[in-house]
Number of protein chains: 2
Amino acid sequence: MRSITSRDNPAVKRLHGLATSARDRRSVGQTLLDGAHLVRAALDADWPLRELVVSDQGLAREEVAALVRRCEKLAQLHLTDALFAHVSPVDTPSGVLAVIDLPESAPLEVFDDSLLVLDGVQDAGNLGTILRTAAAAGLRDVLLTAGCAQAWSPRVLRAGMGGHFCLRIHEQVEVAQVLKNYAGQILATGLGAGARIVYDCDLRGPVAWLFGAEGRGLSAEVAALARGMVVIPMPGAVESLNVGAAAAICLFEQVRQRRTSGPA
Amino acid sequence: MRSITSRDNPAVKRLHGLATSARDRRSVGQTLLDGAHLVRAALDADWPLRELVVSDQGLAREEVAALVRRCEKLAQLHLTDALFAHVSPVDTPSGVLAVIDLPESAPLEVFDDSLLVLDGVQDAGNLGTILRTAAAAGLRDVLLTAGCAQAWSPRVLRAGMGGHFCLRIHEQVEVAQVLKNYAGQILATGLGAGARIVYDCDLRGPVAWLFGAEGRGLSAEVAALARGMVVIPMPGAVESLNVGAAAAICLFEQVRQRRTSGPA
């Protein structure tokens, strides 16, 4: 394991760039996994790591030491706590980072199973949480429009809690083109004419779920692709949900319906 | 409307303290609502406002100008954009703030309807999102343990999107004491012995839902109060959900079950 104690070391500058700059991540073609949970999730999914980075405080924790042993064939960097804090993408440094390559967008194909379309979701926490929910619900493909946050930024990865490694994430997608020949339902949430209560819809077959940004909702272009509107009944006085909560309710209503019988 | 142009003005210092310091909020006994949506939600709920604060950029927007007209009997402060940014609790100032009194915790009583218990939820975004979800689901009472974030901080209020004004939020609650004589089910999520799939549980009667912090889960003390464990089935390779997503799924499964019939 190589130890670094100077802030002027090129490795420190490189890691700091990956932590703080979307442009650096794109030009280097790499990103950072922050924290033992995320690094472990990547290893469990056989995701290729480039480099492991640990701090003194990290090394003192058994879960980080276990990762160091597990990654013994990997390039390893050891930073002082102060340097680690400098390159950490979070306020409370976790003591362990891994460098991975930014994956290329998975190839687009003709989709025939359920999938999730996110349009203009810019909040990193929301985006990561929804990816985590989609992975837990057993979805395979997530399509992001150009207006979404960078799916592989450290903050989105952190909120995703490993969900990234179980999904095919397609970024900068022209959704209209991709869904043109989609054979299943294409559903958006909202109160449009003909909206049906989500619990009354048959969701056992394939569904392309469309969710838009907090506040603004779907862009007109993506909204036009919906072949049906669903509404989540809200008995309370508050009449809207966070997009992550709405997605969780819809995707797991589909999980519920699919438990008892196969696709319609 | 009073205009302020100097950062040394005591009103600016007071607002900056409310925006940035939990201690200031407690000692002054006030907090800030940030953004037109939240101020409108408070007005719609007849929540008493103390003061309206607007910026030049805010005043130029019709939704803020409408709030100024609607609050004509209220003390109003006008700040330059630079000063407003200084007192705004968010990075992208919204152009309108309202000052409200920190509400006293609602009195504890013998609860007989469904309610939500949050134990040690410290992330402001998660806490606010869950309050919004609870309000949308029609819950009335939310009990927070001492380990939770301050429910009325500007960041939690912002994520709550008005949910606060439809709930009775009880902070620093000794949950064991309060739930001692609760007549309904007391359910925690998790994989403990005897856990049942949430979709197979009869949730039509009153339920006290227990949710813990991301990662750590429930404290031993609160976990011991559960009279049943429920599990959300996850077909995917990721086996955990964000606490806000889990709460949304459980609370809206109860909404779904209650739609078709009254309490069991």
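Naming: A, B, ... by sequence-line order, numbering from 1 per chain.
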*Residues of residues 128-138 of chain A under 4.5 Å from chain B (heavy atom pairs)?*
A:Thr129, A:Arg132, A:Thr133, A:Ala135, A:Ala136, A:Ala137, A:Gly138
*Select one option (side chain, backbone, both, neither) describing which atoms of A:Leu139 are under 4.5 Å from chain B's heavy atoms.*
neither
*For each of A:Arg256, A:Glu253, A:Met234, tally heavy-atom pairs with chain B at distances under 4.5 Å, and name the one with the top tally.*
A:Arg256
*asked:* At a heavy-atom distance under 4.5 Å, which candidate from A:Gly244, A:Ala159, A:Cys166 has the highest pair count against chain B?
replied: A:Cys166
*Above 12 or not: heavy atoms from other molecules or residues under 6.0 Å from CZ of B:Arg168?*
yes
*asked:* Counting only heavy atoms from other residues, nucleotides and ligands, does the tally under 6.0 Å from CD of A:Glu104 exceed 12?
replied: no
*Take atom CD in A:Glu63; do more than 12 heavy atoms of anything else shown fall under 6.0 Å from it?*
yes
*Would you please test B:Phe252 and A:Phe252 for side chain to side chain contact (heavy atoms under 4.5 Å, CB included) and show each step?*
CA-CA 10 Å; B:Phe252 276 84; A:Phe252 276 84; over 6 Å; no
*Against chain B, label A:Ile232 side chain, backbone, both or neither, depending on which of its atoms sit under 4.5 Å from a heavy atom there.*
side chain
*asked:* Counting only heavy atoms from other residues, nucleotides and ligands, does the tally under 6.0 Å from CZ of B:Arg140 exceed 12?
replied: yes
_Below 4.5 Å, heavy-atom pairs only: which of B:Asp44, B:Val198, B:Ile197, B:Leu167 has the largest tally toward chain A?_
B:Ile197
*Name the option with the most non-hydrogen atom pairs under 4.5 Å to chain A; the candidates are B:Ala248, B:Ala41, B:Pro235, B:Gly162.*
B:Pro235
_Please determine whether the number of non-hydrogen atoms from other residues, nucleotides or ligands lying under 6.0 Å from atom CD of A:Gln57 exceeds 12._
no
*Heavy-atom pair of closest approach, residues A:Pro233 and B:Val255*: O-CG1, 3.8 Å
